[in-house]
Amino acid sequence: MGDSMFLAQQSGGSGVFNLILLLAIPVVFYLLLIRPQNKRRREQMQMQSSLRPGVRVMTTSGMYAEVTEVDDDGVVLEIAPGVRVRFVKAAVMNIVSDDDAKGGDAVDLDKDADADAAEDEQKADKPSA
């Protein structure tokens, strides 16, 4: 008789714990997943609405360009002197400073070719087994 009373008390306590757990799961999902995602989306929308001609941007594909025109749903980007391309605003990932854009665009092909030639020379100098 004492055992059945003990089991009844334990099952009642675990029911309250289960209820609290069921209520806590949606709160955790909101705080860890939904809220940060909404914040990122809001920041992205603000950035896209602040686009104006003359601003340097980076697209989602990694191209650096300068905004030349802005309309309701799209932008015209100049990716090279005289080369203009129309993109949707969602394709603009972020606004960059001129220093960031220069650092990403510059590639010294001569330096890479010299390094490759030096590697080939080293391989040729090694005796084969």
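Heads up: numbering here begins at 1 and tracks the sequence. The structure presented is a predicted model; accordingly, all values stated were derived computationally and were not measured.
- Put simply, CZ on Arg84 and OG1 on Thr68 are 4.5 Å apart, with the number rounded to the nearest 0.5 Å.
- Interatomic distance, CZ of Arg52 versus CD1 of Ile95, reported as 7.0 Å (0.5 Å rounding).
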If you look only at distance, which donor and acceptor atoms sit under 3.5 Å apart when one is on a side chain in residues 26-40 and the other is two or more places apart or in another chain?
{"unit_1": "Asn38", "atom_1": "OD1", "unit_2": "Arg41", "atom_2": "NH1", "d": "3.4"}
{"unit_1": "Asn38", "atom_1": "OD1", "unit_2": "Arg41", "atom_2": "NH2", "d": "3.3"}

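- A distance of 12.5 Å separates CD1 in Ile25 from CD1 in Ile20, rounded to the nearest 0.5 Å.
- Residues Val57 and Val83 share a single hydrophobic cluster, defined by chaining ILVMFWY side chains whose heavy atoms lie under 4.5 Å apart.
- Nearest heavy-atom pair, Met58 versus Val96, reported as atom, atom and distance to 0.1 Å: CB-CG1, 4.2 Å.
- In this view, Arg86 and Asp71 satisfy the side chain to side chain donor-acceptor pair (under 3.5 Å) rule, not counting sequence neighbours.
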For residues 72-81, please give each side-chain donor-acceptor pair under 3.5 Å, one per line with the distance, not counting sequence neighbours.
{"unit_1": "Glu78", "atom_1": "OE2", "unit_2": "Gly82", "atom_2": "N", "d": "2.9"}

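- Rounded to the nearest 0.5 angstrom, Met45 CE and Lys89 NZ are separated by 9.0 Å.
- Criterion: ILVMFWY side-chain heavy atoms under 4.5 Å apart, direct or through other members. Under it, Leu23 and Phe17 are not part of a common hydrophobic cluster.
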